[in-house]
Amino acid sequence: MTDFGKGDTSWFTHDRFGMFIHWGLYSMPGRHEWVRNYEEIPDEAYEKYFERFNPDLFDPKEWAKAAREAGMKYFVITTKHHEGFCMWDSRYTDYKVTNTPCGRDLLREIVDAFRAEGLRVGFYHSLIDWHHPDFTVDSVHPLRNRPDREALNAGRDMARYREYLHNQVRELLTGYGKIDIIWFDFSYPLWESGKGHLDWDSEGLVKMIRELQPGIIINNRLDLPGAGDVTTPEQNTPDDPVTDADGNPVVWEGCQTVSGSGGYHRDELTWKSMKQCIDLLINHVCRNGNLLMNVGPTSRGYLDGRAMERLKGFAEWMKYHSRSIYGCGMAEGLLEPRDCRYTFNPETNRLYLHIMNWPFKHVTLKGLSGKVAYAQFLHDGSEVKIRDAADRAVHSGLLHKTVQGAVTLELPVVKPPVEVPVIEIFLK
Ligand code: GLC
């Protein structure tokens, strides 16, 4: 297999939690970032957004602060989504933010603000482009059902689009300092009139990227097996750690949304509860994954109340529980108790028991007899008493039968006042 080089994922698998931001013209219709596709909107009809894009309440420092407080260690921002609109001052197109009433390079301001808060920088960049005149009309293009589709394609030249794509990626990777992640979206070679690595010249792209930004993490959506550093399932939580085709574990990151849309969607109602959000984070890390949690700012440039509420909820939980997330992954070989998830930090040799659904007075940790030195709640550092099945004194206890080979933790009847309580277990 071709050697495509490798990105540095050591920080990534340690940090575990990032913010995804979908922001573009689509925040104005506020009906999903795919609105052009869903509603088959032609260029002329989409112009009204370009002519009026002016996020007057934009303050990237607020976003960055909210992200840092939520415990997020990196962020990935849409430089260009499928609609083709560029959030930076690209010299290769007029279809960019600096030509709207906004008139500023928003990408630069966002990057600066997040860096100042200590977060690493990732760029989402759409391979697909529904605005570029050389991007052929295929089965996902907004103009796909036009009777003159073939005629529309007559003059289009993907070679020119490819050059545009490469030029813009070079521009993004040379004009904004160190970029930690480039997140391409997406290839669809098997779809009707789909596109894949030859359309993008993925090989050439990867080669250029590795030269420009050594260490950068490239995701797996270039249709180039072996070239991606990170596998990116979305809108579902894999049941098990993600593997490659041969069953080998891979670095993976689930991208999820706080509501059912990436871009700001005013009327979408499937907002996840705070409990669901925290569960998502735990369920990713306990399977060796990262969580990239998306928010979609409004067209006026702020994160609406519903999004801020979720970020604050993460902040509240992470303030006390980040130790069970950073540096942690799957607790291999251990059977999780009912309604619980483990994460494990191999460096500190501490095991974290996340109690997703509060039980009555006890939780039994199978296979840990003789292995637990101490246990405490993470939120307040208060001791959790342990009863080891191997400890003879325990056998005289009438209230609770010990399970062979297990350790039983004594819990308060009332669930501690945190979304998901965590017990930190110091292993011997
Ligand atoms: C899917 C969505 C796209 C989004 C991406 C990342 O590909 O269709 O809009 O940008 O996931 O979440």
Side-chain angles (χ1 to χ4, degrees), residues 17-41 46 49 67 72 74-87 107 110 122-131 135 138-142 144 165 168-169 172 181-191 194-197 199-200 202 217-224 228-238 242 252-266 268 270-272 277 280-281 284 289-297 299 303 307 310:
F17 190 26
M19 174 183 272
F20 212 175
I21 304 172
H22 276 65
W23 201 33
L25 293 182
Y26 44 82
S27 64
M28 296 181 71
R31 300 192 294 274
H32 200 278
E33 72 275 13
W34 275 60
V35 64
R36 270 208 69 180
N37 165 290
Y38 293 165
E39 300 178 17
E40 302 185 26
I41 305 175
Y46 209 66
Y49 307 124
M72 293 155 163
Y74 62 99
F75 80 110
V76 178
I77 172 92
T78 49
T79 51
K80 175 192 89 164
H81 204 269
H82 309 334
E83 65 179 3
F85 177 69
C86 297
M87 294 296 276
L107 183 66
I110 294 168
F123 286 164
Y124 166 109
H125 195 70
S126 177
L127 299 164
I128 298 171
D129 195 313
W130 297 328
H131 181 269
F135 190 91
D138 56 30
S139 60
V140 289
H141 198 283
R144 62 193 172 280
L165 174 66
Q168 287 203 321
V169 169
L172 286 167
I181 300 173
I182 183 122
W183 213 106
F184 289 110
D185 196 37
F186 62 85
S187 304
Y188 45 113
L190 301 180
W191 301 12
K195 292 184 172 66
H197 67 101
D199 296 285
W200 327 126
S202 297
I217 293 174
I218 308 178
N219 76 336
N220 68 330
R221 297 193 180 187
L222 281 165
D223 180 34
L224 203 59
D229 298 304
V230 182
T231 300
T232 54
E234 68 178 65
Q235 299 288 347
N236 81 82
T237 314
V242 179
W252 70 274
E253 172 195 69
C255 55
Q256 318 292 355
T257 47
V258 287
S259 78
S261 170
Y264 177 69
H265 196 316
R266 185 190 59 208
E268 211 283 327
T270 60
W271 286 77
K272 292 169 186 75
C277 288
L280 270 178
L281 177 60
H284 281 60
N290 280 34
L291 174 64
L292 186 62
M293 195 68 181
N294 181 80
V295 292
S299 75
L303 292 165
R310 300 318 184 276

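Here the structure is a predicted model, which is why all the values come from computation and not from measurement. Residue numbers run from 1 in the order of the sequence given. Ligands are counted one by one from 1 in listed order, and the atoms in each one are counted from 1 as well.
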Relative to the heavy atoms of [X], which atoms of ligand 1 are at a distance of less than 4.0 Å?
X      : result
Phe20  : 6 (C), 12 (O)
Asp185 : 3 (C), 4 (C), 5 (C), 7 (O), 10 (O)
Cys255 : 12 (O)
Tyr124 : 10 (O)
Arg221 : 7 (O), 11 (O)

Look at atom 2 (C) of ligand 1 and find which of Phe186, Trp183, Trp34 reaches it with the closest heavy atom.
Trp34
Hey, does the side chain of His81 reach the backbone of Glu83 with a donor-acceptor pair shorter than 3.5 angstrom?
no
Between Asn294 (side chain) and Gln256 (backbone), is there a donor-acceptor pair under 3.5 Å?
no
Does the ring centre of [Y] sit less than 6.0 Å away from the ring centre of [X]?
X      : Y      : value
Trp23  : Tyr124 : no
Phe186 : Phe184 : no
His125 : Trp183 : no
Trp130 : Tyr46  : no

N/O to N/O below 3.5 Å, does that happen between Glu33 and ligand 1?
yes
Checking contacts here: is it the side chain or the backbone of Glu83 that comes within 4.0 Å of ligand 1, counting heavy atoms only? Could be both or neither.
neither
Where does Thr78 meet ligand 1, judged by heavy-atom distances below 4.0 Å: at the side chain, the backbone, both, or neither?
neither
Asn290 side chain near Trp252 side chain, heavy-atom distance below 4.5 Å:
no
Report yes if the side chains of Asp138 and Trp191 come closer than 4.5 Å at any heavy-atom pair, otherwise no.
no
Check contact between [X] and ligand 1, using heavy atoms of the residue and a distance below 4.0 angstrom.
X      : answer
His32  : no
Gln256 : no
His22  : yes

